[in-house]
Amino acid sequence: MCGIVAYIGKQDAYPILIKGLKRLEYRGYDSSGVSVLNGDLQIFKKKGKVKDLVDHVGNHRVKGTVGIGHTRWATHGKPNDINAHPHVSGNKRLSLIHNGIIENYQPLKEALIKLGHTFESDTDTEVLTHLIEEIQTRDDLPIDEAVRIALTKVIGAYAIVVLDKENPDILVAARKASPLVIGIGRDEFFVASDASPIIEHTKKVVYLNDEEIAVVKRDGTLSIKNIDNQIQNPFIEELDLKLDAIEKGDFDSFMLKEIYEQPESILDCMRGRINAEEGWIKVGGVETKMEEFLNAKRIIIAACGTSWIAGLIGEYLFEELARISVEVEYASELRYRNPIIEEGDIVIALSQSGETADTLAALHLAKDKNALLYGIVNVVGSSIARLTDTGSYIHAGPEIGVASTKAFTGQVTLLTMLAIYLGYEKGRIPRPYYAQLLRELENIPSKVKRILEKDDHIKYIASEIKDATNALYLGRGYNFPVALEGALKLKEISYIHAEGYPAAEMKHGPIALIDENMPVVVIATNMSAHDKIVSNIQEVKARKGVVIAIINEGDNVIKEIADYVIEIPATDEPLTPLLSVVPLQLLSYHIAIMRGCNVDQPRNLAKSVTVE
Ligand code: G6P
């Protein structure tokens with residue numbers, strides 16, 4: 001969602017802002033803009049991509065060493081040039097960028113209109129800009145103090161940066177429930193929604209906490225206050241991130257790069273946590289809370305999107321291997337119900353970004369109910385990582401493609417390790433099976449590599465079904481969530497309508513849709529349900545559906561009846577999703593490319609959903 005980048009220092013701000021905005025493109029957006037101060041505010045805004053903004057700026061020489069830039073994902077007001085950020089105050093003195101939603105913008109706007117303010121855009125952000133102006137001019141306050149007081153009047157979520165024409169040597173930044181990072185260079189500062197626009201300049205960063213207001217000055221000083229006006233000590237951290245991790249390298253897209261990174265990213269997730277030869281597995285964040293985990297009455301998994309689907313696999317794993325009762329919840333639903341969460345429950349938040357607004361809100365609710373909060377997160381230092389009592393990073397490295405791939409397999413790897421770890425500690429897994437699961441888990445990266453070698457075959461199948469308008473994905477047991485993920489991937493990036501279903505449920509609805517134009521992807525690698533899934537395939541074939549089956553190598557029974565098969569290496573059933581999802585990622589990728597879609601930035605989607 002909205003991306004923020006800002007610079008103050010000795011260099012020209014404009015090229016830094018534009019490069020930073022390009023780095024933030026992956027978050028999803030529909031317009032962008034910059035504001036650079038050089039005596040006057042030079043403001044350029046444009047609907048579309050950052051490239052459209054650059055074309056719009058054209059030959060204008062945008063000079064100045066302090067500036068702010070923004071990619072906007074529309075919430076209030078449609079995507080157009082006027083609603084794009086930065087917004088300016090009525091007196092044209094302040095310029096502001098914002099990520100989040102000001103929920104009480106309507107009454108604030110009405111009050112400001114009564115005071116004589118007029119508004120150009122439909123945005124909540126412009127209201128905040130005028131509110132700061134009103135407070136600043138009415139009480140003749142320094143800009144940071146005006147920002148602080150204005151924020152005490154605001155309900156909602158925000159990450160903002162404010163540029164004041166009369167104060168060219170400072171930038172003011174603040175956050176609540178939307179992320180903001182400050183990069184500390186030599187006599188220069190960078191402010192951004194995440195570290196990606198910062199790492200090529202500096203590795204020293206400060207993550208702002210909720211309701212903190214930072215002032216960065218051209219003289220190299222940084223000061224932070226909270227909204228109650230108390231001085232806070234900045235905690236400076238060193239970023240552990242390499243530039244090539246956020247660049248495409250030799251790949252045509254981030255998504256393809258990330259699919260191909262999976263043998264390595266799964267290995268990174270397991271590194272130091274498992275050793276089959278020595279016969280141990282451990283997950284640090286759980287080790288310290290082992291008593292709570294062993295005695296947990298129940299685990300509630302809260303997540304959104306692909307992370308929710310990984311959570312569903314977690315339910316199958318925990319229940320089978322550790323015999324712990326699990327509920328998987330859409331965070332957006334959980335937060336607005338009156339859920340029964342009690343002391344002794346463990347709430348696991350699954351999130352790639354660690355910033356998803358609904359997941360964060362669900363965690364706050366669970367915290368109030370005294371549950372233990374455990375985070376499984378990819379982005380180091382993110383809000384969920386900091387809010388939870390304990391947690392584990394999946395170490396997938398930056399995921400830039402909007403459609404999640406390597407983060408999904410990282411989440412599933414971590415959940416699998418956790419279920420085996422707890423199951424064994426609880427005496428639920430016999431030693432020989434435990435040893436076998438560890439060995440098999442260690443084999444997963446090389447088996448994923450073997451699946452990637454089938455890419456050309458998968459591309460061929462993609463070319464056969466690329467013109468479909470609907471698709472059905474079926475699976476049983478561990479492969480039911482995989483069917484959901486396969487369908488989600490296809491609709492996200494190719495805009496083909498797709499449904500994931502438990503194979504047997506097909507008879508209760510989707511079977512009515514099956515005809516010769518309907519590709520049906522059947523994930524049939526779990527041998528315990530093999531006969532049943534063969535029957536399901538027969539049912540599809542009897543209605544002339546086109547069956548694409550993901551099968552274990554050498555499964556001649558299904559090979560005989562399916563139209564197309566993708567053979568993948570066999571593994572133990574609880575580990576199946578880590579393999580069976582990979583051909584589905586490639587299938588949707590190729591279909592999307594063949595249909596001319598932008599796989600990295602699909603329309604309307606955002607990578608990090610920081611508003612509810
Ligand atoms: C967005 C992304 C999805 C992601 C979901 C949850 O919808 O496009 O890929 O699965 O948010 O995000 P999280 O960062 O919490 O995993």
Side-chain angles (χ1 to χ4, degrees), residues 309 312-313 315-316 320 451 454 457-458 460-492 494-588 590-591:
I309 295 173
L312 207 54
I313 297 173
E315 177 177 14
Y316 284 67
E320 180 180 346
I451 298 171
K454 314 232 162 188
H457 175 59
I458 297 170
Y460 161 69
I461 298 174
S463 71
E464 295 281 289
I465 59 170
K466 67 174 193 327
D467 297 321
T469 45
N470 292 289
L472 192 59
Y473 284 69
L474 302 176
R476 281 175 172 265
Y478 285 100
N479 277 328
F480 159 54
V482 176
L484 293 181
E485 176 58 9
L488 180 60
K489 277 302 75 96
L490 189 70
K491 67 184 144 202
E492 278 180 315
S494 73
Y495 317 138
I496 295 175
H497 171 244
E499 299 270 358
Y501 247 78
E505 275 291 306
M506 171 186 70
K507 285 199 277 297
H508 301 285
I511 199 163
L513 303 172
I514 296 176
D515 61 15
E516 64 278 13
N517 299 316
M518 173 76 112
V520 181
V521 181
V522 185
I523 305 114
T525 56
N526 29 352
M527 292 315 284
S528 66
H530 192 260
D531 293 350
K532 311 258 179 246
I533 211 122
V534 168
S535 308
N536 297 136
I537 294 175
Q538 302 281 19
E539 287 155 7
V540 175
K541 285 310 307 167
R543 282 146 191 96
K544 302 204 179 98
V546 182
V547 172
I548 300 105
I550 315 296
I551 57 171
N552 286 333
E553 282 166 350
D555 180 343
N556 293 326
V557 177
I558 297 184
K559 228 192 249 181
E560 280 290 303
I561 47 175
D563 297 273
Y564 306 94
V565 294
I566 302 168
E567 292 184 72
I568 65 171
T571 186
D572 278 304
E573 212 146 293
L575 313 187
T576 336
L578 288 168
L579 299 182
S580 55
V581 75
V582 178
L584 303 186
Q585 297 168 342
L586 285 169
L587 190 66
S588 7
H590 288 301
I591 292 174

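All values reported here derive from a predicted model rather than from experimental measurement. Numbering of residues begins at 1 and proceeds along the displayed sequence.
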Kindly compute the distance separating [atom1] ([X]) from [atom2] ([Y]), expressed to the nearest 0.5 Å.
{"X": "His590", "Y": "Lys466", "atom1": "NE2", "atom2": "NZ", "value": "14.0 Å"}
{"X": "Asp555", "Y": "Ile568", "atom1": "CG", "atom2": "CD1", "value": "11.0 Å"}
{"X": "Tyr473", "Y": "Ile548", "atom1": "OH", "atom2": "CD1", "value": "7.5 Å"}
{"X": "Met506", "Y": "Glu499", "atom1": "CE", "atom2": "CD", "value": "13.5 Å"}
{"X": "Ile566", "Y": "Leu587", "atom1": "CD1", "atom2": "CG", "value": "5.5 Å"}
{"X": "Ile451", "Y": "Ser580", "atom1": "CD1", "atom2": "OG", "value": "8.0 Å"}

For [X] and [Y], work out which heavy atoms get closest and say how close.
{"X": "Ser494", "Y": "Ile591", "answer": "CB-CG2, 4.1 Å"}
{"X": "Ile309", "Y": "Pro481", "answer": "CG2-O, 3.2 Å"}
{"X": "Gly500", "Y": "Leu484", "answer": "O-CD2, 3.4 Å"}
{"X": "Ile496", "Y": "Ala471", "answer": "CG2-N, 4.3 Å"}
{"X": "Ser588", "Y": "Gly486", "answer": "OG-O, 4.5 Å"}
{"X": "Tyr501", "Y": "Ala483", "answer": "O-CB, 4.2 Å"}

Distance alone, cut at 3.5 Å: any donor-acceptor contact between the side chains of Asn552 and His530?
no
Between Asn526 and Thr576, is there a side-chain donor-acceptor contact under 3.5 Å, judged purely by atom types and distance?
no
Taking the side chain as every heavy atom from C-beta outward, state whether [X] and [Y] have any pair of such atoms under 4.5 Å apart.
{"X": "Thr525", "Y": "Tyr478", "value": "no"}
{"X": "Leu490", "Y": "Val521", "value": "no"}
{"X": "Asn470", "Y": "Leu513", "value": "no"}

Decide, yes or no, whether a salt bridge links Glu567 with Lys559 under the criterion of side-chain N to carboxylate O below 4.0 Å.
yes
Would you call the rings of Tyr460 and Tyr564 parallel, tilted or perpendicular if under 30° counts as parallel and over 60° as perpendicular?
perpendicular
Check: [X] side chain, [Y] main-chain N or O, donor-acceptor pair, under 3.5 Å:
{"X": "Glu573", "Y": "Ser528", "answer": "yes"}
{"X": "His457", "Y": "Val565", "answer": "yes"}
{"X": "Lys489", "Y": "Gln585", "answer": "no"}

Acceptor/donor pairs from residues 539-546 side chains to any protein atom, 3.5 angstrom cut, sequence neighbours excluded:
from: Glu539; atom 1: OE1; to: Asn536; atom 2: ND2; distance (Å): 3.3
from: Glu539; atom 1: OE2; to: Lys507; atom 2: NZ; distance (Å): 3.4
from: Lys541; atom 1: NZ; to: Gly545; atom 2: O; distance (Å): 3.0
from: Lys541; atom 1: NZ; to: Asp563; atom 2: OD1; distance (Å): 3.1
from: Lys541; atom 1: NZ; to: Asp563; atom 2: OD2; distance (Å): 2.7
from: Arg543; atom 1: NH1; to: Glu539; atom 2: O; distance (Å): 2.8

For a side-chain contact (heavy atoms from CB on, under 4.5 Å) check, start with the C-alpha distance between Val557 and Ile551, then their side-chain angles and the critical distance, and finish with the verdict.
CA-CA 10 Å; Val557 177; Ile551 57 171; over 6 Å; no
Flag if over 12 foreign heavy atoms under 6.0 Å of NZ, Lys491:
yes
With a cut-off of 6.0 Å (strictly less than), are more than 12 heavy atoms of other residues, nucleotides or ligands near CD of Glu560?
no
Before giving the answer on side-chain contact (heavy atoms from CB on, under 4.5 Å), spell out for Ile550 and Leu584 the whole-Å C-alpha distance, their side-chain angles and the decisive distance to 0.1 Å.
CA-CA 9 Å; Ile550 315 296; Leu584 303 186; 3.9 Å; yes
